[in-house]
> 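There's a structure below that I have some questions on.
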Amino acid sequence: MRLFGRKSKVNIPDMPYDPSTQEPVLSCSICTGEQVAGFRDKRTGDFKEVMLIRTPEELDAFKRKYGVVGEIERIY
């Protein structure tokens with residue numbers, strides 16, 4: 001880890017994603033604007049965090065990794 005070096009590529013942890021039981025969502029903070037991408041269980045509503053989204057490129061990387069097409073619902 002470098003203190004003042006270049007940023008490394010976005011590293012998204014491997015998390016199982018089942019489109020039949022989960023849906024991708026962005027959990028957004030009203031106060032700070034922080035966005036966290038993850039999956040919400042369709043039956044229980046439980047949210048599992050996957051990664052912090054700071055740039056549009058990170059959101060695109062999340063979508064590519066999990067095969068998400070279109071807009072992602074935002075929850076507050």
> Does the ring centre of Phe62 sit less than 6.0 Å away from the ring centre of Tyr17?
no
> Rounded to the nearest 0.5 Å, what's the gap from CZ on Arg43 to CD on Gln22? Could you check?
11.0 Å
> Residues two or more places apart in sequence or in another chain: which of them pass salt bridge (Lys or Arg N to Asp or Glu O under 4.0 Å) with Glu71?
none
> Test question: given the 4.5 Å side-chain rule for I, L, V, M, F, W and Y, name all other residues clustered with Ile75, or answer none.
Val25, Val36, Phe47, Leu52
> What pairs with Glu34 under salt bridge (Lys or Arg N to Asp or Glu O under 4.0 Å), at least two apart in sequence or on another chain?
none
> So do the side chains of Ile53 and Met51 get within less than 4.5 Å of each other, counting heavy atoms only?
yes
> When you check the gap from the basic side-chain N to the acidic O, do Lys42 and Glu23 get nearer than 4.0 Å?
no
> Can you tell me how far OG1 of Thr55 sits from CD of Gln35, rounded to the nearest 0.5 angstrom?
10.0 Å
> Between Arg40 and Glu73, is any pair of side-chain heavy atoms under 4.5 Å apart?
yes
> Any donor-acceptor pair under 3.5 Å linking the side chain of Lys63 with the backbone of Gly70?
yes
> To the nearest 0.5 Å, what is the distance between CD1 on Ile72 and OG on Ser27?
12.5 Å
